[in-house]
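Each chain gets a letter, A, B and so on, in the order the sequences are listed, and its residues count up from 1.
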Amino acid sequence: MTSAPQPPKLPMEYPISLRDVSKWYGEVIGVNQVTAGIAPGITGLLGPNGAGKSTLLKLITGQLRPGAGDIRVLGRDPWTDRTIFREVGFCPDSESFYDEMSGASRRIKGYSKGMRQRTKLAAALMHDPRVIVLDEPLNGLDPSGRMEMLRLFRELGAEGKTVLVSSHILHEIESLTRSIALIHHGRILAEGHISEIRALIENQPLTLQIASPQVREVGSHLAGLDCLVSLTYADNGHELIARTSTPEVIYDVLQQAVLDNRYTVTALTALDDNLDAIFSYLVKK
Amino acid sequence: MMLLNTIAASMRLARRHIISRRRWVVAVAIIIIPAILAFMASRRIPQERGEIYTWIVFLMIGGILIPYLAAFLGSSIVGDEIEGRTLVYLWTRPHGRHTIFLWEYLFVAIWIALVAAVAVALTFLLLYSALDVQGIGSNLRMAMWDMIALASGGAAYAAIAFLLSTFLKSPLTIMIVYIAADNGVQFMPGFLKLLFVRHYQLAMSSNPMTDSPEGFFKFLAENQTTPETAAISLAAIALTALIAGAVMLNKREYVKS
(Lines give C-alpha, C1' and ligand atoms only; values in the text may rest on other atoms or scores of the structure.)
Protein backbone atom coordinates (compact mmCIF):
# COMPACT_ATOMS: atom_id res chain seq x y z
CA MET A 1 0.00 0.00 0.00
CA THR A 2 1.34 3.37 -0.91
CA SER A 3 0.59 6.40 1.12
CA ALA A 4 -0.39 9.71 -0.44
CA PRO A 5 2.38 12.31 -0.55
CA GLN A 6 2.42 14.29 2.65
CA PRO A 7 2.32 18.10 2.51
CA PRO A 8 5.49 19.80 3.71
CA LYS A 9 5.48 20.07 7.48
CA LEU A 10 5.05 23.44 9.11
CA PRO A 11 8.33 24.84 10.34
CA MET A 12 7.16 24.51 13.93
CA GLU A 13 10.44 25.80 15.27
CA TYR A 14 9.39 29.23 14.02
CA PRO A 15 7.45 31.28 16.56
CA ILE A 16 5.12 32.36 13.74
CA SER A 17 4.39 30.04 10.85
CA LEU A 18 1.89 30.24 8.02
CA ARG A 19 1.11 27.58 5.44
CA ASP A 20 -0.97 28.31 2.34
CA VAL A 21 -2.94 30.94 4.20
CA SER A 22 -5.63 32.74 2.22
CA LYS A 23 -8.26 35.22 3.26
CA TRP A 24 -11.12 36.38 1.08
CA TYR A 25 -13.59 39.21 1.59
CA GLY A 26 -16.37 38.16 -0.73
CA GLU A 27 -14.74 38.33 -4.13
CA VAL A 28 -11.81 40.41 -2.95
CA ILE A 29 -8.72 38.58 -1.85
CA GLY A 30 -6.92 39.96 1.18
CA VAL A 31 -4.17 37.38 1.56
CA ASN A 32 -3.36 34.85 -1.14
CA GLN A 33 -1.72 31.49 -0.31
CA VAL A 34 0.93 32.84 1.99
CA THR A 35 3.51 30.42 3.32
CA ALA A 36 6.12 31.89 5.61
CA GLY A 37 8.04 31.30 8.81
CA ILE A 38 8.98 34.19 11.05
CA ALA A 39 12.10 33.51 13.10
CA PRO A 40 13.13 35.16 16.38
CA GLY A 41 14.61 38.62 15.88
CA ILE A 42 13.13 41.42 13.83
CA THR A 43 11.34 40.73 10.57
CA GLY A 44 10.02 43.54 8.43
CA LEU A 45 6.78 43.07 6.52
CA LEU A 46 7.03 45.48 3.67
CA GLY A 47 4.33 46.41 1.20
CA PRO A 48 2.51 49.38 -0.27
CA ASN A 49 -0.79 50.52 1.20
CA GLY A 50 -3.52 47.96 0.55
CA ALA A 51 -1.03 45.14 -0.02
CA GLY A 52 -2.51 42.94 2.71
CA LYS A 53 -0.09 43.69 5.54
CA SER A 54 -2.76 44.52 8.12
CA THR A 55 -4.92 41.56 7.07
CA LEU A 56 -1.94 39.24 7.51
CA LEU A 57 -1.17 40.67 10.95
CA LYS A 58 -4.82 40.36 11.99
CA LEU A 59 -4.75 36.73 10.90
CA ILE A 60 -1.58 36.14 12.90
CA THR A 61 -3.14 37.75 15.98
CA GLY A 62 -6.37 35.75 15.70
CA GLN A 63 -8.63 38.67 14.93
CA LEU A 64 -9.49 37.18 11.55
CA ARG A 65 -9.94 33.52 10.69
CA PRO A 66 -8.13 32.26 7.59
CA GLY A 67 -10.38 31.10 4.76
CA ALA A 68 -7.80 28.43 3.96
CA GLY A 69 -4.46 27.32 5.30
CA ASP A 70 -2.93 27.01 8.72
CA ILE A 71 -1.45 29.58 11.09
CA ARG A 72 0.56 28.77 14.19
CA VAL A 73 1.84 31.25 16.74
CA LEU A 74 4.11 29.61 19.30
CA GLY A 75 2.77 26.33 17.98
CA ARG A 76 -0.87 27.22 18.64
CA ASP A 77 -3.80 28.37 16.52
CA PRO A 78 -4.37 32.07 17.32
CA TRP A 79 -8.05 31.95 16.32
CA THR A 80 -9.02 29.23 18.78
CA ASP A 81 -6.34 29.32 21.48
CA ARG A 82 -6.59 32.65 23.27
CA THR A 83 -3.92 31.76 25.81
CA ILE A 84 -1.23 32.74 23.29
CA PHE A 85 -1.90 36.36 24.17
CA ARG A 86 -0.07 35.85 27.44
CA GLU A 87 2.99 35.73 25.19
CA VAL A 88 1.93 37.86 22.24
CA GLY A 89 1.72 41.65 22.09
CA PHE A 90 -0.03 43.49 19.28
CA CYS A 91 0.12 47.14 18.34
CA PRO A 92 -2.68 47.92 15.86
CA ASP A 93 -2.50 50.58 13.18
CA SER A 94 -5.91 52.04 14.05
CA GLU A 95 -6.18 55.27 15.99
CA SER A 96 -9.12 54.09 18.09
CA PHE A 97 -9.00 54.36 21.86
CA TYR A 98 -11.44 54.31 24.72
CA ASP A 99 -12.24 58.01 25.11
CA GLU A 100 -12.45 57.77 28.88
CA MET A 101 -9.06 56.13 29.28
CA SER A 102 -6.21 58.15 30.64
CA GLY A 103 -2.46 57.74 30.35
CA ALA A 104 0.13 58.96 32.78
CA SER A 105 -1.17 62.49 33.02
CA ARG A 106 -4.38 63.07 31.13
CA ARG A 107 -7.04 61.54 28.96
CA ILE A 108 -5.83 59.71 25.87
CA LYS A 109 -8.46 61.60 23.90
CA GLY A 110 -6.31 64.72 24.19
CA TYR A 111 -3.05 63.04 23.16
CA SER A 112 -1.11 63.91 20.03
CA LYS A 113 -0.77 61.25 17.35
CA GLY A 114 2.77 60.47 18.51
CA MET A 115 1.65 60.06 22.11
CA ARG A 116 -1.20 57.79 21.04
CA GLN A 117 1.27 55.69 19.08
CA ARG A 118 3.51 55.36 22.15
CA THR A 119 0.52 54.43 24.30
CA LYS A 120 -0.44 51.65 21.89
CA LEU A 121 3.13 50.39 21.91
CA ALA A 122 3.25 50.45 25.70
CA ALA A 123 0.01 48.43 25.82
CA ALA A 124 1.51 45.88 23.41
CA LEU A 125 4.74 45.52 25.38
CA MET A 126 3.67 45.85 29.00
CA HIS A 127 3.25 42.10 29.63
CA ASP A 128 6.74 41.35 28.25
CA PRO A 129 5.56 39.16 25.36
CA ARG A 130 7.77 36.72 23.44
CA VAL A 131 6.13 37.55 20.13
CA ILE A 132 5.49 41.18 19.24
CA VAL A 133 3.40 42.14 16.21
CA LEU A 134 3.53 45.80 15.26
CA ASP A 135 1.34 47.25 12.51
CA GLU A 136 2.94 50.42 11.14
CA PRO A 137 4.28 51.33 14.60
CA LEU A 138 6.28 54.34 13.45
CA ASN A 139 3.36 56.19 11.89
CA GLY A 140 2.91 59.61 13.40
CA LEU A 141 6.14 59.63 15.40
CA ASP A 142 8.50 62.58 15.17
CA PRO A 143 12.15 61.86 14.19
CA SER A 144 13.38 61.58 17.78
CA GLY A 145 10.45 59.35 18.74
CA ARG A 146 11.15 57.26 15.67
CA MET A 147 14.80 56.83 16.65
CA GLU A 148 13.78 55.93 20.18
CA MET A 149 11.33 53.30 18.93
CA LEU A 150 13.80 51.84 16.44
CA ARG A 151 16.29 51.48 19.28
CA LEU A 152 13.66 49.77 21.42
CA PHE A 153 12.71 47.35 18.64
CA ARG A 154 16.37 46.49 18.07
CA GLU A 155 16.79 45.78 21.78
CA LEU A 156 13.72 43.53 21.76
CA GLY A 157 15.05 41.69 18.74
CA ALA A 158 18.46 41.32 20.36
CA GLU A 159 16.79 39.82 23.44
CA GLY A 160 15.58 36.97 21.21
CA LYS A 161 11.98 38.10 20.97
CA THR A 162 10.16 37.63 17.70
CA VAL A 163 9.30 41.09 16.41
CA LEU A 164 7.21 41.39 13.24
CA VAL A 165 6.99 44.98 12.03
CA SER A 166 4.94 46.13 9.06
CA SER A 167 5.66 49.24 7.08
CA HIS A 168 5.19 50.69 3.64
CA ILE A 169 8.46 52.61 3.85
CA LEU A 170 11.52 50.73 2.63
CA HIS A 171 14.22 52.72 4.39
CA GLU A 172 12.29 52.50 7.67
CA ILE A 173 12.47 48.71 7.54
CA GLU A 174 16.03 48.69 6.21
CA SER A 175 17.17 50.75 9.17
CA LEU A 176 15.63 48.19 11.50
CA THR A 177 16.36 44.75 10.12
CA ARG A 178 18.03 42.77 7.37
CA SER A 179 15.25 40.19 7.36
CA ILE A 180 12.22 41.23 5.33
CA ALA A 181 9.18 39.87 3.56
CA LEU A 182 7.67 41.72 0.63
CA ILE A 183 3.90 41.55 0.29
CA HIS A 184 1.86 42.85 -2.62
CA HIS A 185 -1.76 42.13 -3.61
CA GLY A 186 -1.94 39.66 -0.72
CA ARG A 187 1.02 37.57 -1.85
CA ILE A 188 4.47 37.27 -0.37
CA LEU A 189 6.62 38.17 -3.36
CA ALA A 190 9.97 37.65 -1.70
CA GLU A 191 11.20 36.72 1.74
CA GLY A 192 14.64 36.60 3.24
CA HIS A 193 17.71 38.72 3.83
CA ILE A 194 17.59 42.20 2.42
CA SER A 195 20.58 41.41 0.17
CA GLU A 196 18.57 38.59 -1.44
CA ILE A 197 15.71 40.97 -2.07
CA ARG A 198 18.13 43.51 -3.46
CA ALA A 199 19.59 40.83 -5.75
CA LEU A 200 16.12 40.11 -7.07
CA ILE A 201 15.61 43.69 -8.07
CA GLU A 202 19.11 44.62 -9.15
CA ASN A 203 18.31 44.30 -12.85
CA GLN A 204 15.21 46.40 -12.59
CA PRO A 205 15.41 49.28 -15.07
CA LEU A 206 15.75 52.46 -13.07
CA THR A 207 14.72 55.93 -14.18
CA LEU A 208 17.26 58.66 -13.52
CA GLN A 209 16.63 62.36 -13.79
CA ILE A 210 19.79 64.29 -14.61
CA ALA A 211 19.90 68.09 -14.45
CA SER A 212 22.70 69.97 -16.15
CA PRO A 213 23.20 73.34 -17.88
CA GLN A 214 24.90 71.36 -20.69
CA VAL A 215 22.11 68.80 -21.02
CA ARG A 216 22.77 68.09 -24.73
CA GLU A 217 26.40 67.21 -24.05
CA VAL A 218 25.39 64.91 -21.20
CA GLY A 219 22.83 63.25 -23.46
CA SER A 220 25.25 62.60 -26.30
CA HIS A 221 27.80 61.26 -23.82
CA LEU A 222 25.36 58.79 -22.30
CA ALA A 223 23.77 57.80 -25.62
CA GLY A 224 26.79 55.66 -26.48
CA LEU A 225 26.43 53.46 -23.41
CA ASP A 226 25.13 49.90 -23.88
CA CYS A 227 23.33 49.90 -20.54
CA LEU A 228 21.01 52.71 -21.57
CA VAL A 229 17.45 51.59 -22.24
CA SER A 230 16.03 54.99 -23.23
CA LEU A 231 16.90 58.67 -23.12
CA THR A 232 14.51 61.62 -23.32
CA TYR A 233 14.97 65.36 -22.88
CA ALA A 234 12.65 67.25 -20.59
CA ASP A 235 10.76 70.25 -21.95
CA ASN A 236 12.48 72.65 -19.55
CA GLY A 237 15.74 72.36 -21.53
CA HIS A 238 18.06 71.50 -18.66
CA GLU A 239 16.99 68.01 -17.63
CA LEU A 240 17.02 64.59 -19.20
CA ILE A 241 15.49 61.28 -18.21
CA ALA A 242 17.58 58.15 -18.62
CA ARG A 243 16.36 54.59 -18.08
CA THR A 244 18.98 51.98 -17.33
CA SER A 245 19.24 48.49 -15.90
CA THR A 246 22.66 49.26 -14.37
CA PRO A 247 22.43 52.69 -12.79
CA GLU A 248 25.86 52.33 -11.18
CA VAL A 249 27.46 52.54 -14.68
CA ILE A 250 25.67 55.84 -15.28
CA TYR A 251 26.74 57.09 -11.86
CA ASP A 252 30.40 56.22 -12.64
CA VAL A 253 30.32 57.79 -16.11
CA LEU A 254 28.75 61.00 -14.82
CA GLN A 255 31.13 61.20 -11.89
CA GLN A 256 34.18 60.80 -14.18
CA ALA A 257 32.85 63.35 -16.66
CA VAL A 258 32.32 65.89 -13.90
CA LEU A 259 35.83 65.22 -12.54
CA ASP A 260 37.22 65.69 -16.08
CA ASN A 261 35.32 69.00 -16.36
CA ARG A 262 33.52 67.83 -19.47
CA TYR A 263 30.21 69.17 -18.14
CA THR A 264 28.41 70.04 -14.90
CA VAL A 265 25.69 67.95 -13.30
CA THR A 266 23.54 69.95 -10.88
CA ALA A 267 21.20 67.14 -9.79
CA LEU A 268 20.89 63.38 -10.14
CA THR A 269 17.69 61.79 -8.92
CA ALA A 270 16.45 58.20 -9.07
CA LEU A 271 12.78 58.74 -9.85
CA ASP A 272 11.46 55.28 -9.09
CA ASP A 273 13.64 53.95 -6.30
CA ASN A 274 10.56 53.29 -4.25
CA LEU A 275 8.39 50.40 -3.19
CA ASP A 276 5.79 50.75 -5.90
CA ALA A 277 8.43 50.48 -8.63
CA ILE A 278 10.07 47.53 -6.92
CA PHE A 279 6.76 45.74 -6.45
CA SER A 280 5.63 46.42 -10.01
CA TYR A 281 8.90 44.98 -11.21
CA LEU A 282 8.66 41.88 -9.02
CA VAL A 283 5.06 41.27 -10.04
CA LYS A 284 6.01 41.43 -13.73
CA LYS A 285 8.96 39.15 -13.04
CA MET B 1 -5.44 36.22 39.00
CA MET B 2 -6.39 36.11 35.33
CA LEU B 3 -10.07 35.87 36.26
CA LEU B 4 -9.78 38.83 38.61
CA ASN B 5 -8.15 40.88 35.86
CA THR B 6 -10.95 39.96 33.48
CA ILE B 7 -13.62 40.89 36.03
CA ALA B 8 -11.90 44.18 36.79
CA ALA B 9 -11.65 45.03 33.09
CA SER B 10 -15.33 44.10 32.63
CA MET B 11 -16.32 46.37 35.50
CA ARG B 12 -14.44 49.28 33.97
CA LEU B 13 -16.08 48.69 30.60
CA ALA B 14 -19.53 48.27 32.17
CA ARG B 15 -19.04 51.53 34.07
CA ARG B 16 -18.36 53.15 30.70
CA HIS B 17 -21.78 52.01 29.43
CA ILE B 18 -23.59 52.96 32.59
CA ILE B 19 -22.06 56.26 33.66
CA SER B 20 -20.15 57.86 30.82
CA ARG B 21 -21.64 60.15 28.20
CA ARG B 22 -24.18 61.30 30.77
CA ARG B 23 -25.98 57.96 30.66
CA TRP B 24 -26.41 58.14 34.42
CA VAL B 25 -28.73 61.13 33.83
CA VAL B 26 -31.12 58.76 32.02
CA ALA B 27 -31.07 56.37 34.98
CA VAL B 28 -31.83 59.21 37.40
CA ALA B 29 -34.68 60.38 35.16
CA ILE B 30 -36.11 56.83 35.09
CA ILE B 31 -36.10 56.82 38.88
CA ILE B 32 -37.43 60.32 39.53
CA ILE B 33 -39.92 61.16 36.78
CA PRO B 34 -42.36 58.25 37.37
CA ALA B 35 -42.22 58.85 41.13
CA ILE B 36 -43.06 62.53 40.69
CA LEU B 37 -45.92 61.70 38.32
CA ALA B 38 -47.24 59.10 40.78
CA PHE B 39 -47.02 61.57 43.64
CA MET B 40 -48.86 64.30 41.71
CA ALA B 41 -51.59 61.88 40.63
CA SER B 42 -52.05 60.56 44.16
CA ARG B 43 -52.56 64.12 45.45
CA ARG B 44 -55.43 64.58 42.99
CA ILE B 45 -57.05 61.14 43.41
CA PRO B 46 -55.76 59.67 46.70
CA GLN B 47 -58.38 56.91 46.70
CA GLU B 48 -56.92 55.45 43.47
CA ARG B 49 -53.46 54.63 44.76
CA GLY B 50 -53.61 51.05 43.45
CA GLU B 51 -54.53 52.14 39.95
CA ILE B 52 -51.87 54.85 39.87
CA TYR B 53 -49.30 52.34 41.07
CA THR B 54 -50.29 49.95 38.28
CA TRP B 55 -50.10 52.59 35.58
CA ILE B 56 -46.79 53.98 36.73
CA VAL B 57 -44.99 50.76 37.70
CA PHE B 58 -46.36 48.36 35.09
CA LEU B 59 -46.97 50.55 32.11
CA MET B 60 -44.43 53.33 32.50
CA ILE B 61 -41.48 51.82 34.37
CA GLY B 62 -41.94 48.16 33.51
CA GLY B 63 -43.48 48.52 30.06
CA ILE B 64 -41.45 51.37 28.61
CA LEU B 65 -38.55 52.80 30.65
CA ILE B 66 -36.76 49.69 31.92
CA PRO B 67 -37.16 47.69 28.66
CA TYR B 68 -35.71 50.53 26.60
CA LEU B 69 -32.92 51.17 29.11
CA ALA B 70 -32.11 47.44 29.05
CA ALA B 71 -32.24 47.32 25.25
CA PHE B 72 -29.94 50.31 24.96
CA LEU B 73 -27.39 49.08 27.51
CA GLY B 74 -27.56 45.46 26.36
CA SER B 75 -26.90 46.34 22.74
CA SER B 76 -24.10 48.76 23.59
CA ILE B 77 -21.99 46.07 25.33
CA VAL B 78 -20.76 44.72 22.01
CA GLY B 79 -22.04 47.53 19.76
CA ASP B 80 -19.87 50.24 21.34
CA GLU B 81 -16.73 48.16 20.85
CA ILE B 82 -17.53 47.53 17.19
CA GLU B 83 -18.52 51.14 16.54
CA GLY B 84 -15.51 52.54 18.39
CA ARG B 85 -13.16 50.00 16.76
CA THR B 86 -11.77 49.15 20.18
CA LEU B 87 -12.49 45.44 19.86
CA VAL B 88 -8.84 44.87 18.91
CA TYR B 89 -7.75 45.68 22.47
CA LEU B 90 -10.11 43.08 23.95
CA TRP B 91 -9.42 40.38 21.40
CA THR B 92 -5.66 40.41 21.68
CA ARG B 93 -5.83 39.49 25.35
CA PRO B 94 -5.70 36.01 26.88
CA HIS B 95 -9.38 35.46 27.55
CA GLY B 96 -12.17 33.98 25.45
CA ARG B 97 -13.81 36.37 22.99
CA HIS B 98 -17.08 36.17 24.89
CA THR B 99 -15.77 36.16 28.47
CA ILE B 100 -15.32 39.86 29.04
CA PHE B 101 -18.68 40.62 27.42
CA LEU B 102 -20.57 38.16 29.60
CA TRP B 103 -19.07 39.67 32.74
CA GLU B 104 -19.94 43.08 31.38
CA TYR B 105 -23.51 41.91 30.82
CA LEU B 106 -23.67 40.77 34.43
CA PHE B 107 -22.71 44.22 35.71
CA VAL B 108 -25.11 45.92 33.30
CA ALA B 109 -27.93 43.57 34.43
CA ILE B 110 -27.17 44.41 38.07
CA TRP B 111 -27.34 48.10 37.21
CA ILE B 112 -30.69 47.68 35.41
CA ALA B 113 -32.04 45.74 38.40
CA LEU B 114 -30.85 48.49 40.72
CA VAL B 115 -32.49 51.23 38.65
CA ALA B 116 -35.74 49.21 38.44
CA ALA B 117 -35.74 48.50 42.18
CA VAL B 118 -35.07 52.10 43.18
CA ALA B 119 -37.66 53.42 40.69
CA VAL B 120 -40.34 51.07 42.07
CA ALA B 121 -39.32 51.74 45.68
CA LEU B 122 -39.46 55.52 45.25
CA THR B 123 -42.83 55.39 43.50
CA PHE B 124 -44.15 53.07 46.20
CA LEU B 125 -42.90 55.30 49.01
CA LEU B 126 -44.35 58.46 47.52
CA LEU B 127 -47.71 56.75 46.93
CA TYR B 128 -48.08 54.85 50.18
CA SER B 129 -46.13 56.93 52.68
CA ALA B 130 -49.38 58.63 53.75
CA LEU B 131 -50.74 55.25 54.96
CA ASP B 132 -50.13 53.85 58.43
CA VAL B 133 -47.47 51.22 59.10
CA GLN B 134 -49.94 48.39 58.59
CA GLY B 135 -51.06 49.81 55.27
CA ILE B 136 -47.48 50.16 54.06
CA GLY B 137 -46.61 46.69 55.28
CA SER B 138 -49.48 45.02 53.48
CA ASN B 139 -48.46 46.61 50.18
CA LEU B 140 -44.70 46.21 50.64
CA ARG B 141 -44.73 42.56 49.59
CA MET B 142 -46.43 43.60 46.36
CA ALA B 143 -43.72 46.15 45.67
CA MET B 144 -40.98 43.61 46.40
CA TRP B 145 -42.44 41.18 43.85
CA ASP B 146 -42.70 43.97 41.31
CA MET B 147 -39.07 44.93 41.81
CA ILE B 148 -38.05 41.33 41.14
CA ALA B 149 -40.33 41.11 38.09
CA LEU B 150 -39.03 44.33 36.57
CA ALA B 151 -35.39 43.48 37.31
CA SER B 152 -35.77 39.99 35.81
CA GLY B 153 -37.55 41.39 32.78
CA GLY B 154 -34.84 44.04 32.36
CA ALA B 155 -32.12 41.39 32.47
CA ALA B 156 -33.95 39.36 29.82
CA TYR B 157 -34.39 42.40 27.56
CA ALA B 158 -30.70 43.25 27.93
CA ALA B 159 -29.70 39.67 27.08
CA ILE B 160 -31.83 39.70 23.91
CA ALA B 161 -30.33 43.06 22.89
CA PHE B 162 -26.86 41.67 23.62
CA LEU B 163 -27.54 38.69 21.34
CA LEU B 164 -28.90 40.89 18.52
CA SER B 165 -25.86 43.16 18.72
CA THR B 166 -23.56 40.22 18.00
CA PHE B 167 -24.93 39.82 14.47
CA LEU B 168 -26.97 42.92 13.59
CA LYS B 169 -25.77 46.40 12.78
CA SER B 170 -28.86 48.09 14.26
CA PRO B 171 -30.04 45.88 17.12
CA LEU B 172 -31.74 48.82 18.82
CA THR B 173 -34.22 49.23 15.96
CA ILE B 174 -35.30 45.59 16.32
CA MET B 175 -35.54 46.00 20.09
CA ILE B 176 -37.70 49.13 19.78
CA VAL B 177 -40.15 47.20 17.58
CA TYR B 178 -40.03 44.16 19.89
CA ILE B 179 -40.72 46.22 23.01
CA ALA B 180 -43.50 48.17 21.29
CA ALA B 181 -45.10 44.88 20.22
CA ASP B 182 -44.46 43.42 23.66
CA ASN B 183 -47.18 45.43 25.33
CA GLY B 184 -49.78 45.00 22.59
CA VAL B 185 -49.34 41.26 22.21
CA GLN B 186 -50.31 40.67 25.85
CA PHE B 187 -53.91 41.52 25.02
CA MET B 188 -54.08 39.07 22.14
CA PRO B 189 -55.35 35.53 22.60
CA GLY B 190 -53.20 32.54 21.71
CA PHE B 191 -49.63 31.53 22.31
CA LEU B 192 -47.89 34.46 20.62
CA LYS B 193 -47.50 36.27 23.91
CA LEU B 194 -45.42 33.40 25.25
CA LEU B 195 -42.62 34.60 23.00
CA PHE B 196 -42.48 37.95 24.74
CA VAL B 197 -40.65 38.94 27.92
CA ARG B 198 -43.55 41.10 29.03
CA HIS B 199 -45.81 38.08 29.48
CA TYR B 200 -43.51 36.53 32.09
CA GLN B 201 -42.79 39.87 33.70
CA LEU B 202 -46.51 40.41 34.27
CA ALA B 203 -46.97 36.84 35.51
CA MET B 204 -44.32 37.43 38.15
CA SER B 205 -45.69 40.75 39.30
CA SER B 206 -48.44 41.43 41.82
CA ASN B 207 -50.53 43.62 39.51
CA PRO B 208 -53.34 44.70 41.83
CA MET B 209 -55.57 45.53 38.89
CA THR B 210 -55.80 41.86 37.93
CA ASP B 211 -56.90 40.90 41.43
CA SER B 212 -60.26 42.36 40.53
CA PRO B 213 -60.02 42.72 36.75
CA GLU B 214 -61.81 45.52 35.04
CA GLY B 215 -61.71 46.73 31.48
CA PHE B 216 -58.77 45.65 29.37
CA PHE B 217 -56.82 44.48 32.44
CA LYS B 218 -59.02 41.42 32.58
CA PHE B 219 -56.87 39.90 29.83
CA LEU B 220 -53.95 40.03 32.18
CA ALA B 221 -55.93 38.13 34.79
CA GLU B 222 -56.17 35.27 32.30
CA ASN B 223 -52.42 34.94 32.39
CA GLN B 224 -52.17 31.31 33.47
CA THR B 225 -48.39 31.31 33.87
CA THR B 226 -47.38 30.93 37.48
CA PRO B 227 -44.77 33.26 38.96
CA GLU B 228 -42.39 30.31 39.37
CA THR B 229 -42.77 29.28 35.71
CA ALA B 230 -42.39 32.91 34.67
CA ALA B 231 -39.17 33.30 36.67
CA ILE B 232 -37.73 30.13 35.15
CA SER B 233 -38.83 31.23 31.68
CA LEU B 234 -37.18 34.64 32.02
CA ALA B 235 -33.99 33.01 33.25
CA ALA B 236 -34.13 30.57 30.32
CA ILE B 237 -34.67 33.41 27.84
CA ALA B 238 -31.71 35.37 29.26
CA LEU B 239 -29.44 32.32 29.41
CA THR B 240 -30.32 31.18 25.90
CA ALA B 241 -29.69 34.67 24.52
CA LEU B 242 -26.37 34.93 26.35
CA ILE B 243 -25.16 31.50 25.22
CA ALA B 244 -26.21 32.22 21.64
CA GLY B 245 -24.44 35.58 21.87
CA ALA B 246 -21.28 33.93 23.18
CA VAL B 247 -21.37 31.40 20.32
CA MET B 248 -21.77 34.24 17.80
CA LEU B 249 -18.84 36.12 19.31
CA ASN B 250 -16.65 33.05 19.02
CA LYS B 251 -17.69 32.19 15.48
CA ARG B 252 -18.00 35.53 13.72
CA GLU B 253 -15.35 37.96 12.57
CA TYR B 254 -15.88 41.51 13.74
CA VAL B 255 -12.59 43.11 12.77
CA LYS B 256 -12.40 44.57 9.31
CA SER B 257 -9.39 44.18 7.07
Determine, stepwise, if the pair B/Glu253 / A/Lys23 fulfils salt bridge (Lys or Arg N to Asp or Glu O under 4.0 Å). CA-CA 12 Å; B/Glu253 288 177 342; A/Lys23 180 68 190 172; 2.6 Å; yes
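When every heavy atom of A/Leu64 is checked against every heavy atom of B/Val255, the shortest pair comes out as CD2-O, 3.1 Å. Looking at every heavy atom in both residues, A/Phe90 comes nearest to B/Thr92 through CD2-CG2, 3.8 Å.
Residues satisfying the salt bridge (Lys or Arg N to Asp or Glu O under 4.0 Å) test with A/Arg118, not counting sequence neighbours, are A/Glu148. In this structure, the side chain to side chain contact (heavy atoms under 4.5 Å, CB included) partners of A/Thr162, at least two apart in sequence or on a different chain, are A/Pro15, A/Ile16, A/Ile38, A/Pro40, A/Val131.
Between the CZ atom in A/Phe85 and the CG atom in B/Leu90 there is a gap of 12.0 Å [rounded to 0.5 Å].
Atom CZ of A/Arg146 has more than 12 neighbouring heavy atoms from other residues, nucleotides or ligands inside a 6.0 Å radius. Counting heavy-atom neighbours within 6.0 Å of A/Glu159 CD, excluding the residue itself, gives a total above 12.
Heavy-atom neighbours of chain A within the stretch residues 162-177 of chain B, taken at a separation under 4.5 angstrom, are nonexistent. Contacts between residues 96-119 of chain B and chain A, counted as heavy-atom pairs separated by less than 4.5 Å, involve B/Gly96, B/Arg97.
Of the two parts of B/Leu87, neither the backbone nor the side chain holds a non-hydrogen atom closer than 4.5 Å to a non-hydrogen atom of chain A. Interface remark: A/Ala124 contributes no atoms to any contact with chain B (heavy atom separation under 4.5 Å).
In this structure, the side chains of B/Tyr89 and A/Lys120 come closer than 4.5 Å at one or more pairs of heavy atoms.
Here the side chain of A/Arg65 pairs no donor or acceptor atom with the backbone of B/Arg252 at under 3.5 angstrom. Judged by distance alone, the side chain of A/Arg82 and the main-chain N or O of B/Trp91 form a donor-acceptor pair under 3.5 Å.
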